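Note that the coordinates shown come from a computational prediction; the quantities given were computed from them, not determined experimentally.
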Amino acid sequence: MKKDNYKIILVAFLVLTLVGCDDNLTISPEQAITTDMAIKTPSNIQKILNNAYGDARSSALYGGGIALASELLANDGDLYWDGTYVQPSQYDEKAILTDNSFVESMWLRAYKISNQTNVVLDNLAVFTNAADKDVAKGEAKFLRGLVYFDLVRLFGKPYVAGTANNQLGVPIILEPILDPAKITYPSRNTVDEVYKQVLADLKDAYTLLPATNGVYATKYSVAALLARVYLQQGDYVNARNMANIVITDSGSVLANSYSKVFNNSENSTEDLFAWQVSSQDASSNDYNVFWAGSDFGGRSGNPDISIENQHWDIYDDSNDQRSKFFYEADNWCTTKWKNQYGNIPFLRLAEMHLIRAESNFREGTSIGLSPLDDINLLRERATASLFNSVDLATILMERKRELSFEGFALFDAKRLKQNIGSLAYNANNLVLPIPLRERDVNKNLVQNDGY
């Protein structure tokens with residue numbers, strides 16, 4: 001790894017300083033503090049954790065970067081890329097170069113978060129309040145588990161239930177690096193090893209976090225993410241059980257109309273976790289930048305990503321609000337990302353109903369509700385006609401109607417073993433390359449096949 005990967009870059013008040021020789025020429029900037037001071041108090045540890053949230057919210061990751069890669073890599077005619085950036089066009093063409101700066105930014109930002117959370121976890125002894133310590137530990141494990149989950153989904157081959165999953169994933173780094181002189185050069189862990197680490201972190205976070213925690217991660221945020229991880233693994237029993245816990249215990253309720261789920265300045269009633277957006281950082285909301293027209297904060301009059309006619313084939317009822325959740329700006333745009341200053345829903349209750357419905361159906365159970373009732377709850381909210389029965393194809397199509405353009409497309413195609421055009425679900429060019437700059441420095445990083 002490059003040294004920059006592991007330097008903790010904090011908000012303006014916090015700079016890590018390596019102390020040199022003690023003479024009059026060694027002058028530390030007034031706004032800088034030493035590494036020892038940076039990790040000495042609960043307040044400073046909390047600031048490191050807050051910055052990890054901010055980095056996760058960045059455009060490189062959960063502010064749109066991961067979703068952009070997922071939706072364009074999985075695109076088979078529903079979307080049209082009309083942007084001038086070369087990097088996303090490589091996603092759409094399934095021809096990604098190893099120096100793609102969007103891919104590089106994902107990797108760097110994710111490992112920056114990994115290091116920040118490692119710093120927090122390594123310095124919990126500074127907390128004198130046990131409850132505060134547990135919350136900090138739980139939030140750090142939530143964030144670390146989250147980024148490794150998406151790193152392995154993007155840079156590793158798909159997890160396949162019932163197999164060894166010993167193909168290459170990503171390096172797992174659990175020790176903090178505060179001194180660039182102590183940088184290590186790790187090799188890649190297997191996909192199975194990364195998933196085991198993700199589950200270990202999230203299970204710990206679930207036991208540590210409270211039911212309410214402001215806009216930060218809660219017990220039910222973690223449960224929702226665990227349901228998503230188990231679903232990706234094809235572990236339908238655990239996916240169902242975690243989704244059911246969220247639905248029955250979190251206190252969250254579906255918004256009473258589809259339009260109230262998105263473009264909100266505060267979390268909606270069904271948000272289990274949302275990335276917070278303000279006027280100060282809205283310019284880095286890449287959902288809005290690439291998916292909206294310029295009248296609503298996008299890059300140009302015609303959005304970089306527009307919706308093609310093929311997409312409308314998924315709707316089976318003209319009264320379905322989701323079939324009308326679009327607006328015209330030269331071409332058609334999704335209304336989901338219309339508000340430049342709206343929070344970004346990330347874990348929401350509707351997804352839990354879909355996970356429970358699919359998992360119950362696959363397992364032949366009706367934990368919580370029957371698959372039919374879960375699906376009809378979402379259709380009723382969307383003012384679509386109700387079904388008399390459902391099968392797996394019906395459930396999966398309802399998932400697509402509900403979650404389109406939210407970053408699920410590639411990951412669903414891979415777990416369901418669905419081809420994307422002429423490409424098999426596990427094709428080499430549906431996996432991101434290890435960034436060129438990383439392999440230039442760390443010769444232990446084996447490149448993915450096909451690059």
[X] versus [Y], closest heavy-atom pair with distance:
X      : Y      : answer
Pro171 : Ser187 : CB-O, 3.4 Å
Leu231 : Ala239 : N-CB, 3.7 Å
Asn213 : Pro210 : CB-CG, 4.2 Å
Pro186 : Asn444 : O-CB, 3.8 Å
Gln233 : Leu199 : OE1-CD1, 3.6 Å
Arg153 : Lys414 : O-NZ, 3.8 Å

Would you find a donor on one side and an acceptor on the other, under 3.5 Å apart, between the side chain of Asn343 and the backbone of Val277?
->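 At least one qualifying donor-acceptor pair exists.
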Are any of the side-chain heavy atoms of [X] and [Y] separated by less than 4.5 Å?
X      : Y      : result
Glu308 : Leu79  : no
Tyr195 : Phe149 : yes
Pro433 : Gln447 : yes

Set of salt bridge (charged side-chain N to carboxylate O under 4.0 Å, His left out) partners for Arg362, sequence neighbours left out |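 Only Glu358 meet the salt bridge (charged side-chain N to carboxylate O under 4.0 Å, His left out) criterion with Arg362.
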Set of residues satisfying salt bridge (charged side-chain N to carboxylate O under 4.0 Å, His left out) with respect to Asp235, sequence neighbours excluded =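 For Asp235, no residue satisfies salt bridge (charged side-chain N to carboxylate O under 4.0 Å, His left out) once neighbours in sequence are set aside.
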Below 6.0 angstrom between ring centroids: does that apply to Trp337 and Phe290?
->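 Ring centroids of Trp337 and Phe290 are no less than 6.0 Å from each other.
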How about Tyr80 and His311: are their ring centroids closer than 6.0 Å?
->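 No, the ring centres sit 6.0 Å or more apart.
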Under the side chain to side chain donor-acceptor pair (under 3.5 Å) criterion, do Asn100 and Gln87 qualify, and how do the steps go?
-> CA-CA 6 Å; Asn100 185 299; Gln87 300 92 328; 5.5 Å; no
Trace of the salt bridge (Lys or Arg N to Asp or Glu O under 4.0 Å) decision for Asp295 with Lys338 = CA-CA 9 Å; Asp295 288 347; Lys338 191 174 183 179; over 6 Å; no
Establish, for the pair Arg415 and Tyr159, whether the NZ or CZ atom is under 6.0 angstrom from the six-membered ring centre and no further than 45 degrees off its axis.
->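 No cation-pi geometry.
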Verify salt bridge (Lys or Arg N to Asp or Glu O under 4.0 Å) between Lys336 and Glu406, making sure each step is shown before the conclusion.
-> CA-CA 9 Å; Lys336 287 186 175 181; Glu406 295 180 48; 2.7 Å; yes
So does Lys182 have more than 12 non-hydrogen atoms from other groups sitting under 6.0 Å from NZ?
->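 Count not over threshold, so no.
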Pairs flagged by ring-ring contact (aromatic ring centres under 6.0 Å, His included) wherever residues 36-58 is involved - sequence neighbours left out |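 Sorted result for residues 36-58: Tyr53-Tyr216.
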Parallel, tilted or perpendicular: rings of Tyr111 and Trp107 (30°, 60°) =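 Aromatic pair Trp107/Tyr111 classed tilted.
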Could you label the plane-to-plane angle of the Tyr258 and Phe325 rings as parallel, tilted or perpendicular, counting under 30° as parallel and over 60° as perpendicular?
->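 Judged by the thresholds at 30° and 60°, the geometry between Tyr258 and Phe325 is perpendicular.
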Glu398/Arg322 salt bridge by N-O under 4.0 Å criterion |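 A salt bridge is present here (some side-chain N lies under 4.0 Å from a carboxylate O).
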Contacts of Tyr62 that satisfy ring pair (Phe, Tyr, Trp, His ring centres under 6.0 Å) - sequence neighbours left out =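 Scan of Tyr62 (ring pair (Phe, Tyr, Trp, His ring centres under 6.0 Å), adjacent residues dropped) gives Trp275, Phe346.
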Just one of Thr269, Leu272, Asp271 clears the side chain to side chain contact (heavy atoms under 4.5 Å, CB included) bar with Arg348, so which one?
->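 Looking at Thr269, Leu272, Asp271, the match for Arg348 under the side chain to side chain contact (heavy atoms under 4.5 Å, CB included) is Asp271.
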Considering the options Leu154, Leu423, Ile96, which one meets the side chain to side chain contact (heavy atoms under 4.5 Å, CB included) requirement together with Leu430?
->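 By the side chain to side chain contact (heavy atoms under 4.5 Å, CB included) criterion, Leu430 pairs with just one of Leu154, Leu423, Ile96: Leu423.
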Mind checking side chain to side chain donor-acceptor pair (under 3.5 Å) for Thr207 and listing every partner two or more places apart, or none if nothing turns up?
->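 Scan of Thr207 (side chain to side chain donor-acceptor pair (under 3.5 Å), adjacent residues dropped) gives none.
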Salt bridge (Lys or Arg N to Asp or Glu O under 4.0 Å) assessment of Glu193 paired with Arg188 = CA-CA 10 Å; Glu193 288 169 338; Arg188 297 172 67 180; over 6 Å; no
Nearest-0.5 Å distance, CG of residue Asn263 to OH of residue Tyr341 |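 Interatomic distance, Asn263 CG to Tyr341 OH, rounded to 0.5 Å: 13.5 Å.
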Could you walk me through whether Phe273 and Phe142 pass the ring pair (Phe, Tyr, Trp, His ring centres under 6.0 Å) check?
-> CA-CA 12 Å; Phe273 186 81; Phe142 168 77; 5.5 Å; yes
If you look only at pairs with a residue in residues 417-428, which of them pass as a side chain to side chain donor-acceptor pair (under 3.5 Å), with sequence neighbours excluded?
->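 Pairs touching residues 417-428 that pass the test: Lys157-Asn428.
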